[in-house]
Amino acid sequence: MKFKKPTTEKIVEVLDHLAQLLELRGENPFKIRAYQRGARALEVLSEPLERLVEEGRLGDVEGIGKAIEEKVTELVTTGHLPYYEELVASFPVTLFELFELQGLGAKKIKILYDVLKVTSIADLEAACKAGKVAELAGFGEKSAANILKAITFYQEHAGLFRIDQIAPLAEQLLADLRAHPDVGQCQVAGSFRRCKEALGDLDLLVSSKKPEAVSQFFVQHPLVQEVIAHGPTKSSVQLEGGVQCDLRVVKPEEFPFALIYFTGSKEHNIRLRNRALERGWSLNEYRYTVEQGAAEPPLIHDESELYASLGLSYIPPELREDRGEIVAAAAGMLPNLLEWTELRGTFHCHTTASDGKSTLREMALAAQELGLDYLGIADHSKSSYQANGLNEARLLQQQEEIKKLNNELAPFRIFAGTECDILKDGALDFSDEVLASLDYVVASVHSSFGLSETAMTDRLIRAIQNPYVTMLGHLTGRRFFSRDPYPVNIPAVIEVAAATGTMIELNASPYRLDMDWRWWSLAKEKGVKCVINPDAHSTQGLQNLKYGCLIARKGWLTKDDVVNTRSLEKVIPLLEAKRKR
DNA sequence: GCCGTTTTCGGCCCGACTGTTTTCAGTCG
């Protein structure tokens, strides 16, 4: 019998789902947490799950014991888990939608299901409107109203936001809080500070001796649309645009502890707590507590000192994902992460020639203003009809314009390129002869997203084997909250990129952030260079570079790993290297 | 269900806030 092997992500999903199922059954909460911990452990494995299973080493992973090891092994080797399938079958499948609603957990969902026979969000909405929910024991008018609000919120946003949706709100709130006389230190925390690509909310942390005054100021801020919770030290609001924002106010001496705690990630913090315990200190969000007989910890004034007290060099927030940063920090081996100011130029920008909103000249001047020394223009190629892609004649004409503008703007340099479509079979949209006339080529997929993983992988590999393809554009084609990534074997593509000397783009558009930060360590290890491209469709779009830089940092990249940190003189041979091989 | 230099039983993170209670359960982070 052949079966489709479940991916690690799928298995993580099963474990998380098992935890929900057990919660609904009212199981021992520690058993539930064990499944959740098991899922988290599989998420951050440093080697393939299959290999661990084959070699019988799965049980060595922290958080995986005998029972979960058996279940995961069964899933990996047979593709099935009857224990799970039976549990799933005992509840209607739509019931699990309810876990997505703010303020609803397993206990309440169970009551709604048992008493009102609610099995979906649609059912729940109807029950609330019919007044049935408010009559339930433990519920009331307010609960019913809040559930309706949570349903509306869920339907509108599915609860996630892009980094560019949150950033302006964060900047405004930070500035206003910092200007408040009762605010000492003030910082963004949470996943925004860690530069995650998709954000559920915005977390702010303030130190103050008058927490009530600061909390009051916060909930009355003009950006606040609605107050969800409001206490002296903890408040929760909904901002314009539906973003949930939480504020914590702590005492000045608690600030570094709270900042690390609320920045996360949870897994990172667990590692820190364990290191503290090894020293006889218990670490929480406010302070160290010293166990009897243990040495006194040093006084802590900031995050650096806190890390130092645990024998670690300072870990930048972007790296706090429990992906090896603690070990590296203990060994003093953390990379010197890329700084945004180190970028000297960029590639993959559009102009009015295809689907951009700014002209060639406007783009060049904006790049100069941004402090860049060079700019690559890569308008769409002829097959991208929808984007007004350039044919050979128009491309030639653009090259002439670029030549003229280069004479005028020297020493600033515009590189003539193209964002050449990768056709369905992996062939390119222009002949090698045309490609050879350009300074560089970005190759990207803009059509036939529905191919199988194998076909898509072959397609990309064929494209990057072309000697004129300098860099691979937005590797998975994802667009946050509107288009899923197409299936592609990323390690296989990285392998061929390394072998052919092809750069991989870090598309800095906040809609894409593609290739994903989780893969850059592998690319770096294989010797593939990163190029941070804004995919700008206007002068404003050049600002995307800042997001790209944040994601590069999150991917552990340094100045040396990123091609467009090179000076003009040094970048030219890098663009030519592959075609000269 | 996981874990162990307090080791095979008995812990497992817990503080803050809301809403429905009259002292607390549920949710969240």
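By convention in this document, chain letters (A, B, ...) are assigned in the order of the sequence lines, proteins followed by strands, and residues within each chain are numbered from 1. Excluded from the calculations below are hydrogen atoms, water molecules and symmetry mates; all remaining heavy atoms, backbone and side chain alike, are included.
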Query - dG11(B) and dC24(B), which share atom name C1', separated by this distance in whole Å - result: 24 Å
Report task. Would you mind telling me which residue lines up with the more 5' stretch of DNA chain B, H230(A) or L22(A), judged by nearest nucleotide? Result -> L22(A)
Query raised in the report: Side chains of Q244(A) and D246(A): do they bring a donor and an acceptor to under 3.5 Å?
Result: yes
Report summary line: To the nearest angstrom, the CD-C1' distance between E254(A) and dA16(B) comes to 13 Å
Query raised in the report: Does a distance-only test, which skips hydrogens and angles, find a donor-acceptor pair under 3.5 Å between the side chain of N284(A) and the base of dG15(B)?
Result: no
Report task. Select one nucleotide: of dT18(B), dA16(B), dG1(B), the one nearest the side-chain heavy atoms of T233(A). Result -> dA16(B)
Query raised in the report: When we call it a touch if two heavy atoms are under 4.0 Å apart, what does K234(A) touch: a base, just sugar-phosphate, or nothing?
Result: base
Query raised in the report: Where the side chain of K108(A) is concerned, which of dG26(B), dC3(B), dG19(B) is the nearest nucleotide?
Result: dG26(B)
**Report entry** Cation-aromatic face contact R248(A)/F262(A), 6.0 Å, 45 degrees
**Finding:** no
Query raised in the report: Looking at dG19(B), dC2(B), dG26(B), which one has an atom nearest to any side-chain atom of N146(A)?
Result: dG19(B)
Query raised in the report: Between atom CZ in F257(A) and atom P in dG29(B), what is the gap in whole Å?
Result: 24 Å
Query raised in the report: Which atom names give the shortest non-hydrogen contact between L169(A) and E240(A), and what distance separates them?
Result: CD1-O, 4.1 Å
Query raised in the report: C1' atom, dT23(B) versus dC17(B): distance in rounded Å?
Result: 16 Å
Query raised in the report: So what does K110(A) touch, heavy atoms closer than 4.0 Å: a base, only the sugar-phosphate, or nothing?
Result: nothing
Query raised in the report: To the nearest Å, how far apart are K266(A) NZ and dG15(B) C1'?
Result: 14 Å
Query raised in the report: dC13(B), dG1(B), dC3(B): which one has an atom nearest the side-chain heavy atoms of Y35(A)?
Result: dG1(B)
Query - Side-chain N,O (S236(A)) to OP1/OP2 (dC17(B)) below 4.0 Å - result: no
**Report entry** Closest listed nucleotide, where the reference is the side chain of Q102(A) and the choices are dG1(B), dG19(B), dC28(B)
**Finding:** dC28(B)
Query raised in the report: For the residue pair F257(A) and Y288(A), is the inter-centroid distance of their aromatic rings smaller than 6.0 Å?
Result: yes
**Report entry** Between P of dC28(B) and CZ of F99(A), the distance in whole Å
**Finding:** 10 Å
Query raised in the report: Is I32(A) touching bases, backbone alone, or none of the nucleic acid, heavy atoms closer than 4.0 Å?
Result: nothing
Report summary line: Picking from dG1(B), dG29(B), dG19(B), the nucleotide nearest the side-chain atoms of N28(A) would be dG1(B)
Report task. Give the nucleotide from the list dC12(B), dG26(B), dG15(B) with an atom nearest to the side chain of F30(A). Result -> dC12(B)
Query raised in the report: Checking all strands, does E27(A) fall into the base, sugar-phosphate, or nothing category for heavy-atom contacts under 4.0 angstrom?
Result: nothing
Query raised in the report: Using a cut-off of less than 4.0 Å, is there contact between a side-chain N or O of Y286(A) and OP1 or OP2 of dA16(B)?
Result: yes
Query raised in the report: Could you give the CD1-to-C1' distance, from I260(A) to dG29(B), as a whole number of Å?
Result: 17 Å
Query raised in the report: Using a cut-off of 4.0 Å on non-hydrogen atoms, how would the nucleic acid contact of L101(A) be classed: base, sugar-phosphate, or nothing?
Result: sugar-phosphate
Report task. Sticking with atom P, work out how far dT21(B) lies from dG26(B), rounded to a whole angstrom. Result -> 12 Å
Query raised in the report: Nearest to the side chain of K142(A) - dA16(B), dT20(B), dG29(B)?
Result: dT20(B)
Query - Test side-chain hydrogen bond (donor to acceptor under 3.5 Å, both in side chains) applied to H268(A) and E321(A), step by step - result: CA-CA 6 Å; H268(A) 176 87; E321(A) 299 288 351; over 6 Å; no
Query raised in the report: What nucleotide, of dT18(B), dC3(B), dC12(B), holds the atom closest to the side chain of E62(A)?
Result: dC3(B)
Query raised in the report: Roughly how far apart, to the nearest Å, are dG15(B) and dG10(B) at atom C1'?
Result: 24 Å
Report task. Check every atom of dA16(B), dG1(B), dT27(B) against the side chain of A67(A) and return the nucleotide holding the closest atom. Result -> dG1(B)
**Report entry** Protein-nucleotide distance (N274(A), atom CG; dG4(B), atom P), rounded to Å
**Finding:** 10 Å
Report task. With C1' as the reference atom in both, quote the distance from dT8(B) to dG1(B) in angstrom, rounded to an integer. Result -> 14 Å
Requested in this report: Can you tell me the pairing partner of dT8(B) across any strand shown, Watson-Crick or G-U wobble, with both distances under 3.5 angstrom?
Outcome: none
Report summary line: Per side-chain hydrogen bond (donor to acceptor under 3.5 Å, both in side chains), E197(A) is matched among R162(A), R478(A), R518(A) by R518(A)
Query raised in the report: Heavy atoms under 4.0 Å, any strand shown: does E141(A) hit a base, just sugar-phosphate, or nothing?
Result: sugar-phosphate
Query raised in the report: If you look at every strand shown and take non-hydrogen atoms under 4.0 Å, does K66(A) touch a base, only sugar-phosphate, or nothing?
Result: sugar-phosphate
Report task. Let me know the distance between CG of L283(A) and P of dC14(B), rounded to the nearest Å. Result -> 13 Å
Query raised in the report: Contact class for P29(A) vs. all strands (heavy atom < 4.0 Å): base, sugar-phosphate, or nothing?
Result: nothing
Query raised in the report: Using the P atom in both, what is the distance from dT20(B) to dC28(B), to the nearest Å?
Result: 16 Å
Query raised in the report: Are Y113(A) and F91(A) close enough that their ring centres sit under 6.0 Å apart?
Result: yes
Query raised in the report: For the ring pair F218(A) and H180(A), is the centre-to-centre distance below 6.0 Å?
Result: no
Query raised in the report: Of P232(A) and E69(A), whose nearest nucleotide on DNA chain B comes first from the 5' end?
Result: E69(A)
Report task. Please state the C1' separation for the pair dC13(B) and dC3(B) - nearest whole angstrom. Result -> 16 Å
Query - Rounded distance (Å) that lies between atom C1' of dG29(B) and atom CG of L199(A) - result: 15 Å
